[in-house]
Structure formats: C-alpha cells, structure tokens
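Below: the structure, in structure tokens.
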Amino acid sequence: MKKVITGNHAVSYGALLARSQVIAAYPITPQTQIVELLSEFCASGKLNAKFIKVESEHSAMTACIAASATGARTFTATSSHGLALMHEMLHWAAAARLPVVLANVNRAMGPGWSVWTDQNDSLSQRDLGWIQLYCESNQEVLDTTIQAFKIAEKVLLPVMVVLDAFVLSHTSEPVDIPEQTLVDKFLPPYDLKTKLDLSAAKSYGALTNPDHYFEIRYKIQKAHDEALHVIKDVDNDFYEHFGRKYGVVEAYRCEDAKVIVVTSGTISGTTRGVIDEMREQGRKVGMLKQKLLRPTPVDELRSILYKAQKIAVIDRNLSFGHSGIFAQEIKSTLYGLAGAPPIYDYVIGLGGRDVTPDDIREIIDNTFKAESPRDTIIWRGVRL
Amino acid sequence: MRFTVPEKELMFPGHVACPGCGGALAMRFALKALGEKTMVVLPACCWTIIDGPFPMHSLQVPVLHTAFETAAIAAAGVKAGLDIQGKNDITVMAWAGDGGTLDIGIQALSGAAERNDDIIYTCYDNEAYMNTGIQRSSATPKGAWTTTTPEKTPKSEPKKNIMEIMNAHRIPYCATATLAYPEDLINKFKKAQSIRGTKFIHIFAPCPTGWKMAPDLMIKICRLAVETNIFPIYECENGLNYSINIKPKNQIPVVDYLKPQGRFRHLIQKDIEQIQKSVDFEWELLQYRASRDFTKSKNIQSQAKK
C-alpha cells in the first residue's frame with residue numbers, strides 16, 4: 001500500500017511491521033514523531049508492545065538492553081543530545097551482544113542549540129560496535145528499519161538506522177508500506193538462544209578479568225566481519241520479498257567516471273540530480289553513496305573508488321582538529337593501494353545549512369580543476 | 001520458638017564479600033523470601049564483586065549486571081520483556097547500593113516509581129561508596145569519616161532521606177529493614193512480592209571495612225541502630241499509611257551506636273549531642289506520621305489506591 005508519509009513515520013511503520021515487543025523512548029526534536037505514532041499504534045492495539053515512557057534517553061537504551069536480554073524484540077529512537085546521553089549504554093548494548101534497533105535522526109549538537117541536521121551525533125558513536133546504516137529516502141528508511149532487525153538478530157549486534165533531520169524526518173514522500181504477512185515471512189519472531197531465563201541461573205555482564213575480556217572484544221570484531229556478509233544477504237532476501245534493495249554502498253554512474261563524489265544521507269539525492277545533469281553535458285562524474293558505515297564495506301569501496309582519477313568526499317560532519325569523518329574513512333580504506341586516487345575533503349552544511357545542487361556542482365568543478373589534493377579541509381559555504 | 005526464616009538457600013557460600021558484610025547477608029535473606037522465580041538486576045556496587053567474576057556466579061537465580069545509574073530502569077526493562085512474552089509470574093528485583101540509589105541512580109528510580117513499574121527496588125545502604133574504597137555518598141551520615149570527608153572535615157550534611165523521597169511518589173509499598181531482624185526483613189520482601197507496582201525496600205547494611213569496626217559487631221550494630229532510633233524499622237503504604245514495625249523498649253543513647261565505629265571516633269561530646277538531637281527530632285516526626293490514621297478517611301484511602 002502506497003502512502004505519503006514523513007521519514008519519521010516511515011521509521012514508525014518499520015518498527016510496527018517488525019512487531020517490536022518493547023519500545024522505550026524519550027521525546028527529542030526532530031525524532032519525537034516516530035514515538036508519537038508508535039504510541040498510537042500501541043494504544044489502538046495495532047502493535048502489541050510494551051511502551052515504556054522513560055524519563056531519559058539513557059534509560060530508554062537501558063530498558064531496551066534489559067528487555068532484549070530476556071529475548072524480546074526492542075526498539076528506540078532518538079537524536080543528537082539524546083544519542084549522546086545514551087553513549088554509555090550504547091557501549092553496553094554492543095558489548096552485551098544484544099540486537100537492539102535504534103533510529104537516530106541526525107541533528108547537530110549544541111551549543112548553540114540547533115535542531116537541524118548534521119552527522120556529528122551518530123559519528124560520535126562510530127567506535128562502539130554498532131552497525132550504522134545511513135538512509136537517503138523515506139522508502140529506504142522504512143525498508144532499512146525492517147532489515148535492521150533481521151541483521152541485528154542474525155549477528156547479535158545492535159543496529160542504528162540513521163536519517164537526516166527535517167530533510168527526511170519531516171518531509172513527506174510516497175512510501176510503499178509492505179503487507180504485514182510478507183514482513184512476517186521475511187522477519188520471523190526473535191528467538192534469542194542465550195537469555196535471562198529461570199531454567200539457567202546465569203549472570204550476564206559480570207566482572208571480567210584480563211583473562212577473558214580481550215576475547216569478548218575480538219568476538220565483537222568477528223561479528224562485524226560476519227555482518228558484512230549478513231547485511232548483503234538480508235538485502236538480497238529483502239529484494240526477493242519486496243522487490244527493493246539498496247546495497248552496502250551504491251555506485252551511481254561510476255563507470256568510466258574521472259571524479260567520484262562520496263556521499264551519505266540525503267546529500268546523495270541532491271548529488272544524484274547533479275550527476276545526471278553533468279553526465280548529459282558529457283562530464284565523466286559518478287557518485288558513491290555510502291549507506292553502511294560500520295562495518296566498513298572495504299571491498300566495495302576499494303573496487304569502485306580505485307577506478308576514479310579523483311575522489312571528492314562530502315562531509316556534513318567534522319572531527320575537530322582533523323578532518324571530515326567520511327574522508328578519514330575513505331582515506332584509511334584506500335591506504336596502501338598503489339595508484340589510489342587523491343581524495344578531496346569537502347566539509348559542508350554543518351548545523352543544517354542548506355546543501356544545494358549549486359554546492360555539489362562547485363564541489364565537482366573544483367575537484368576536476370584541482371591539481372593536487374591539499375591535506376586540509378576544503379570548506380564550502382563558510383561565511384567569514 | 002518456631003523458625004520462620006525459609007531454609008532453602010539461593011546463595012552459594014562461595015561469594016567474595018568482606019567478612020561481616022551486611023549487603024551479603026541481606027541478599028541471602030531477600031532471596032530466601034522471594035524464592036527461585038526471581039531475577040536480580042545489579043548495577044555497579046559491592047555486589048558486582050560479591051556475585052563473583054565471570055564465569056563465577058554466587059546466586060542461584062539469573063542476574064543481569066548493568067551500569068551504575070540504571071538499576072531501576074534495567075529491572076523495569078527485564079519485567080517488560082518477560083511480560084510481553086507471557087512470563088508474568090517472575091519477580092524482578094533491582095539491588096543497588098546507596099550511591100547507586102540516592103545519588104547516581106535516583107533519576108531512573110524516580111522514573112520507575114512515577115510509572116509504578118512492577119519491580120522490587122532494594123537499596124542496601126552501607127552509607128558510602130564502599131566498593132571504590134569508602135567515599136562519601138548522600139547516604140553518609142553527618143559527622144562520619146570517609147576518604148573524601150577526612151577527620152578534620154567530616155561530612156557536614158545530614159543523610160538524605162530516601163524513604164521520604166520514595167513515599168512522596170505514592171508507590172504502593174516502601175519499607176526499611178535490617179539484619180538484626182531477619183524475620184521482619186523476610187516478611188517485607190514477601191509482602192513486596194505480593195503487591196503489583198513499585199516496591200522500595202531500604203536495608204541498613206553495615207560495612208565493617210568502611211565503618212572501621214570489628215566484623216563480628218555487624219548484627220549488633222544493626223540492633224543498636226534500631227534501638228537508638230538511628231535507623232527506625234517502619235513501612236509505608238501508598239505514601240500515606242505509616243507503621244513502625246519495631247519499637248525499641250528503652251531508647252538507648254546514640255553514643256552506644258557511634259562508639260564501636262572508627263568512622264565516628266573523632267566526634268566530640270558536642271557533636272554527639274547534636275546527633276542525639278537530630279535523631280530525637282526525626283524519631284518524633286516518624287511517630288507523628290505513624291500516628292496519623294488515614295484509614296478513617298474514605299476519601300483519602302480511595303484516592304491513595306488510584
């Protein structure tokens with residue numbers, strides 16, 4: 001059934017169709033509509049879930065972790081400061097190997113207060129063991145939310161579905177909402193093998209001395225290695241059920257491209273249009289949309305980007321004192337490949353400043369013209 | 001005399017508590033009361049250690065360890081997860097120290113109490129951060145030495161009244177208990193188990209290590225705390241109906257309680273007189289609260305049950 005819905009409501013429908021059993025959430029702009037609609041689903045009986053209206057995001061993540069440890073399917077949504085407040089428990093979810101699914105609406109961190117989009121909130125949680133998937137459209141948001149549960153439960157890692165504030169969260173698009181029966185076929189009930197259970201008086205998360213701790217961390221990394229395959233399998237499986245797939249990265253018109261623009265989130269949509277326009281003018285330019293940040297899809301990134309002459313990475317984020325974070329990711333992925341193309345790091349649109357087709361055109365033009373890459377950030381749109 | 005403490009043990013003797021630990025004995029009694037259909041949530045506290053390092057585990061019920069400030073919501077999350085799977089006959093108990101309850105965990109505890117989440121929340125109160133090596137918490141009594149309130153500047157603020165904070169949430173059941181009165185303690189856990197909603201049990205659980213006293217004085221100091229009215233044993237239903245469960249026959253001066261504990265050895269006569277005054281004041285206040293009979297007001301009783 002097609003419906004015109006916002007990105008936020010696309011998340012809600014995803015969590016509904018996945019038959020989330022325990023939801024715990026706290027309001028924060030621009031996420032709030034996700035849990036408002038889920039509250040209505042619970043109130044009307046459309047969704048049979050326990051909804052814990054917690055007093056903080058820290059408690060929201062804790063409730064999901066604890067419920068997940070009993071074998072329940074759990075979901076929460078947050079944004080920005082809410083995600084930052086969860087930080088300690090985001091570590092806990094990953095290290096406890098619990099398949100919690102979280103939707104994060106990318107919103108800039110204060111101060112000054114901002115409700116508008118950039119990626120520093122989710123990227124600050126990059127190194128914790130969570131799988132991170134960045135979405136471009138409302139359809140992708142809904143589909144990825146459903147996929148997230150399947151991925152999480154297969155590899156026992158938590159999954160973060162990421163969407164841009166307002167550009168997706170509050171923007172309506174036509175979205176195909178799958179049939180429940182089909183989603184049920186795709187995503188069977190959650191069956192956690194090792195869980196809090198009276199039949200076995202086990203303790204979970206106990207004091208772990210240096211004889212055991214290291215191996216537990218090693219296994220998280222192994223789970224990420226496995227996740228790379230599982231995410232692709234789940235995407236293919238999703239395609240067989242619903243006729244849509246996204247890939248861990250998407251190479252858009254990258255064949256014979258001299259310049260490849262690396263994007264994530266909604267900037268991909270803006271870039272897509274510019275690429276089409278420039279291709280019509282005979283410019284050899286393509287786009288690589290990085291949907292999956294963790295685990296890093298190394299093979300895909302290398303095989304696509306290696307063929308370009310130049311790479312322009314668009315970062316709506318910044319690791320202060322270094323550079324854009326996706327640029328760091330791409331640089332480390334290509335490091336050591338003989339003849340790898342130079343990488344240009346464009347930082348743009350922090351705090352929700354609009355990123356227009358003109359900006360993308362300038363970035364591409366600048367990259368074509370540039371002689372050798374500078375080690376420094378190339379700022380776009382900073383008013384000095 | 002009939003022995004009413006259940007004989008079944010749900011705690012192995014091989015735990016790693018210090019000698020004379022009040023917190024260890026409190027868990028043993030609590031589990032005797034609650035039985036096998038119980039799950040325990042442990043935030044960072046002495047019990048993180050006492051239960052044993054991985055792969056050891058000294059309790060015969062499942063335990064979920066969680067972060068310091070999350071005991072109440074983790075228990076509520078476990079309960080919600082079990083309930084939605086139809087496993088609604090399991091008692092879920094959060095078991096936290098005084099730092100985890102009165103300080104860092106009070107936000108999550110207040111949240112759970114406001115929602116009336118169906119859990120038993122136990123605070124085993126040893127009146128300081130003992131697991132990190134005796135630092136003051138908001139449960140440390142006025143005048144006490146800790147490593148962060150040295151003898152020259154002992155704690156200058158009175159102990160936070162967590163029972164009144166919890167009573168103000170009008171949760172169905174709040175109670176104090178201590179180890180010198182195991183039957184009272186066990187009865188309170190059984191009562192808590194029979195009530196739906198948030199139950200709060202505050203256990204006075206001495207730490208001989210941190211209180212600088214002989215381990216074999218643990219039970220005696222519990223009894224002295226009650227007989228001096230330092231730690232009255234009472235309960236409160238719906239935040240309204242107070243009852244004092246153990247009434248000391250003769251009030252003993254607080255000095256008898258303070259003297260065996262090294263943490264109070266720097267106190268001078270004037271300090272002890274002040275402590276006596278404040279204990280007398282609190283005791284009178286509690287007696288006044290317990291004397292109010294709301295059961296006669298049908299209106300208040302029916303409101304309280306909402």
Side-chain angles (χ1 to χ4, degrees), chain A residues 19-24 26 47-56 58-74 76 85-89 91-93 96 98 100 189-192 195-213 216, chain B residues 10 12 16 35-44 47-85 87 89-92 94 105 107-115 117 119:
Chain A
R19 296 189 188 276
S20 302
Q21 292 176 296
V22 175
I23 299 166
Y26 187 80
L47 177 60
N48 178 28
K50 294 267 177 191
F51 193 138
I52 311 177
K53 283 122 191 181
V54 286
E55 80 299 330
S56 75
H58 195 279
S59 285
M61 184 44 56
T62 308
C64 286
I65 289 166
S68 186
T70 70
R73 184 172 281 166
T74 60
T76 187
L85 183 59
M86 284 181 182
H87 176 79
E88 179 191 26
M89 302 317 290
H91 273 285
W92 203 283
L98 292 169
V100 177
Y190 174 34
D191 181 22
L192 182 65
K195 60 188 166 197
L196 281 172
D197 188 8
L198 288 179
S199 67
K202 292 179 182 167
S203 100
Y204 293 90
L207 178 70
T208 307
N209 66 29
D211 283 341
H212 298 105
Y213 185 93
I216 295 171
Chain B
L10 289 171
F12 292 109
V16 289
E36 287 163 307
K37 283 191 163 182
T38 302
M39 293 186 181
V40 176
V41 169
L42 292 178
W47 255 97
T48 309
I49 311 300
I50 297 171
D51 189 49
F54 173 82
M56 265 118 39
H57 174 37
S58 67
L59 301 182
Q60 297 179 58
V61 296
V63 164
L64 181 70
H65 290 269
T66 188
F68 210 164
E69 65 279 49
T70 64
I73 183 61
V78 168
K79 187 67 184 167
L82 294 171
D83 280 353
I84 197 73
Q85 296 173 80
K87 301 173 186 175
D89 58 344
I90 299 170
T91 300
V92 182
Q107 175 177 326
L109 173 58
S110 177
E114 184 269 334
R115 292 185 303 271
D117 289 334
I119 58 168

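What you see is a predicted model, and the numbers here were worked out from it, not measured in a lab. Basis for what follows: all heavy atoms, side chains included, without hydrogens, waters or symmetry-related copies. Proteins come first, then strands; the chains are lettered A, B, ... in the order of their sequence lines, and each starts at number 1.
A/Val54 is listed as a side-chain neighbour of B/Ile73, based on a closest heavy-atom distance under 4.5 Å. Here the side chains of B/Pro62 and A/Leu198 are in contact, with some heavy-atom distance below 4.5 Å.
Contacts between A/His91 and chain B at a heavy-atom distance below 4.5 Å are absent for every atom of the residue. With a threshold of 4.5 angstrom between heavy atoms, A/Ala200 approaches chain B through N, CA, C or O but not through any side-chain atom. In this structure, the portion of B/Glu69 lying under 4.5 Å from any heavy atom of chain A is its side chain and not its backbone. When heavy atoms are compared at a cutoff of 4.5 Å, A/Glu88 approaches chain B solely by way of its side chain, counted from C-beta outward. With a 4.5 Å cut-off on non-hydrogen atoms, A/Asp211 does not touch chain B at all. The contact between B/Ile90 and chain A is made entirely by side chain atoms (from C-beta outward), counting heavy-atom distances below 4.5 Å.
Rounding to the nearest 0.5 angstrom, the gap separating the CD1 atom in B/Ile84 from the CZ atom in A/Arg19 is 11.5 Å. If you take CD1 on B/Ile49 and CG on A/Leu207, they are separated by 5.0 Å, rounding to the nearest 0.5 Å. The structure places CD of A/Glu55 at 5.0 Å from CD of B/Gln107, a figure rounded to the nearest 0.5 Å.
Between chain B and the options A/Ile65, A/Thr70, A/Thr208, the largest number of non-hydrogen pairs under 4.5 Å is found for A/Thr70. Between chain A and the residues B/Ala76, B/Ala80, B/Gly52, B/Ala112, the largest count of heavy-atom pairs under 4.5 Å involves B/Ala80. For the set A/Ala63, A/Ser203, A/Gly205, the entry with the most heavy-atom pairs within less than 4.5 Å of chain B is A/Ser203. Each of A/Gly71, A/Ser56, A/Ala69 has some count of heavy-atom pairs under 4.5 Å with chain B, and the biggest count is that of A/Gly71. When each of B/Lys37, B/Met39, B/Gln60 is checked for heavy-atom pairs under 4.5 Å with chain A, B/Met39 comes out on top. When each of A/Ala24, A/Ala60, A/Ser59, A/Ser68 is checked for heavy-atom pairs under 4.5 Å with chain B, A/Ser59 comes out on top. Taking chain A as the reference chain and counting heavy-atom pairs below 4.5 Å, the highest number among B/Ala67, B/Ala108, B/Ala75, B/Ala74 is found for B/Ala67. The candidate with the highest count of non-hydrogen atom pairs below 4.5 Å against chain A, out of B/Val78, B/Leu59, B/Thr38, is B/Val78.
The two residues B/His65 and A/Trp92 make their nearest non-hydrogen contact at O-CZ2, 3.3 Å.
Within a 6.0 Å sphere centred on NZ of B/Lys87, other residues, nucleotides and ligands contribute more than 12 heavy atoms.
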